[in-house]
Amino acid sequence: MTDDAFIKIDKTRTNNTKAMQHADLHRQTRRQIRKHIQKQRRQLTTHARQYSAFLVSLQLRKLLPLLPKHAKIGIYLDSFGELPTAPLVQFCLRHGFTPFLPITTAHKPLRFAPMRFAHGKTPLRTHALGMKEPTTKPIVSADMLDAIICPLVAADTLGNRLGMGGGFYDRTFSSAKTVLKIGYCYDFQVMERLPVTNWDQKLNLLLTPSKVRYFG
């Protein structure tokens, strides 16, 4: 083997090593962001959470020009210290929209089932991951909805979203290209730039207690 061939192999190994190191750093950075933000959410007082919920309820009206009459909107029930989602339910009821809750299946896009209000509370079960899921019918795919308001750990000013790491919403948004993708979080969860991957799906809007950010 020639010296040039050895040099080429060595460069390839060096580039592969650097790529692996970069990927490890990337994963570590995302992990650190999740840990930091989740700690901040856990430290919020009940009053702070309730006041943030009140403020975000004032922002929701800005969504009205973007939604059709009788819109079907995917939402979720806060379970892990997220910004309270009760204002989302109230918003849907006030404007004649139907809220849908996600159903999680490993390694597949989310499906959704409607919330029911006519005969009491929506029947729910607890998923193995800890979130509450509906047992109502019909169950529909994400592309049957007009908008999905999704949870997140962090977002940035470009519309990138960092979730819990399961990839459920990324798979869902990838399979439902036309659905309006809306992030929902506290203001302190918004960063200037997030480390992103090729499979991350961007948001169209980001809704926080202080403002609505539009990304197109």
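Hydrogens, waters and symmetry mates play no part in the numbers below; they use all other heavy atoms, side chains included.
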Inset, instruction - Say whether, by atom type as modelled, one donor and one acceptor occur between the side chain of Asp156 and the main chain of Met191 under 3.5 angstrom. - result: no

Legend entry - hydrophobic_cluster_shared for Leu64 and Ile73, side chain cutoff 4.5 Å: yes

Legend entry - Donor-acceptor under 3.5 Å (Ser57 side chain, Pro87 main chain): no

Legend entry - Inter-residue atom distance Cys150.SG - Arg161.CZ, 0.5 Å rounding: 4.5 Å

Legend entry - Distance under 6.0 Å and angle within 45° of ring axis: Arg171 vs Phe168: yes

Inset, instruction - Starting from the C-alpha separation in whole Å, work towards a yes-or-no answer on side-chain contact (heavy atoms from CB on, under 4.5 Å) for Phe215 and Lys202. - result: CA-CA 9 Å; Phe215 307 114; Lys202 282 192 171 185; over 6 Å; no

Legend entry - Atom pair CE/OG1 of Met115 and Thr136 - distance to nearest 0.5 Å: 9.0 Å

Inset, instruction - Would you check if Lys62 and Tyr214 make a side-chain contact, meaning some heavy-atom pair closer than 4.5 Å? - result: yes

Inset, instruction - Measure the spacing between CD1 of Ile182 and CG of Leu60 and express it to the nearest 0.5 Å. - result: 9.0 Å

Legend entry - Ser175, Ser174, Pro102, Ser141 screened by side chain to side chain contact (heavy atoms under 4.5 Å, CB included) with Pro109, the one that passes: Ser175

Inset, instruction - May I ask whether Tyr169 and Leu145 are part of the same hydrophobic cluster, defined by side-chain heavy atoms of I, L, V, M, F, W, Y residues being less than 4.5 angstrom apart, directly or through others? - result: yes

Legend entry - Note, Leu83 side chain near Pro209 side chain (heavy atom, < 4.5 Å): yes

Inset, instruction - Quick one: list whatever passes side chain to side chain donor-acceptor pair (under 3.5 Å) with Gln38, sequence neighbours left out. - result: none

Legend entry - His70 NE2 to Asp146 CG distance, which is reported to the nearest 0.5 Å: 11.5 Å

Inset, instruction - Look at the side chain of Thr157 and the backbone N and O of Glu192, then say whether any donor-acceptor pair between them is shorter than 3.5 Å. - result: yes

Legend entry - Side chain proximity check, Lys181 to Val179, heavy atoms < 4.5 angstrom: yes

Legend entry - Any donor-acceptor pair under 3.5 Å from Gln59 side chain to Leu207 backbone: no

Inset, instruction - Start with the C-alpha distance between Phe91 and Thr85, add both sets of side-chain angles, then the distance that settles side-chain contact (heavy atoms from CB on, under 4.5 Å), and finish with yes or no. - result: CA-CA 10 Å; Phe91 171 73; Thr85 54; over 6 Å; no

Legend entry - Validation row: Phe97, Leu63 side chains within 4.5 angstrom (heavy atoms): no

Legend entry - 4.5 Å side-chain heavy-atom contact, Leu152 and Leu203: yes

Legend entry - Spacing of Leu124 atom CG and Thr135 atom OG1 [to the nearest 0.5 Å]: 7.0 Å

Legend entry - Under 3.5 Å donor-acceptor, Arg49 side chain and Leu44 backbone: no

Inset, instruction - Take Leu66 and Leu205 through the test side-chain contact (heavy atoms from CB on, under 4.5 Å) and record every step on the way to the result. - result: CA-CA 11 Å; Leu66 305 175; Leu205 290 87; 3.5 Å; yes

Inset, instruction - State plainly whether the residues Arg41 and Asp78 are in salt-bridge range, i.e. N to O under 4.0 Å. - result: no

Legend entry - Any side-chain heavy-atom pair of Lys72 and Val140 under 4.5 Å: no

Legend entry - Which atom of Ala154 lies closest to which atom of Leu194, heavy atoms considered: O-CD1, 3.7 Å

Inset, instruction - State, with a plain yes or no, whether a side-chain heavy atom of Arg213 is found less than 4.5 Å away from one of Val190. - result: yes

Legend entry - Shared hydrophobic cluster for Leu158 and Ile37 (ILVMFWY, side-chain gaps under 4.5 Å): no

Inset, instruction - Would you kindly confirm whether Leu162 and Phe80 end up in one hydrophobic cluster when ILVMFWY residues are joined by side chain heavy atoms under 4.5 Å apart? - result: yes

Legend entry - Distance in Å, Phe173 CZ paired with Thr178 OG1, rounded so as to fall on 0.5 Å steps: 12.0 Å

Legend entry - Common cluster, Ile103/Met164, ILVMFWY with side-chain heavy-atom separation under 4.5 Å: no

Legend entry - Flag if over 12 foreign heavy atoms under 6.0 Å of NZ, Lys108: no

Inset, instruction - Answer yes or no: are there more than 12 heavy-atom neighbours, outside Tyr51 itself, under 6.0 Å from its atom OH? - result: no

Legend entry - Which atom of Tyr76 lies closest to which atom of Leu101, heavy atoms considered: CA-CD2, 3.9 Å

Inset, instruction - Just do the side-chain contact (heavy atoms from CB on, under 4.5 Å) check on Ser210 and Leu55 with the steps written out, would you? - result: CA-CA 7 Å; Ser210 70; Leu55 292 178; over 6 Å; no

Inset, instruction - Report yes if the side chains of Val56 and Tyr184 come closer than 4.5 Å at any heavy-atom pair, otherwise no. - result: yes

Inset, instruction - Report yes or no: does Gln189 contribute a side-chain atom to a donor-acceptor pair with the main-chain N or O of Val153 at less than 3.5 Å? - result: yes

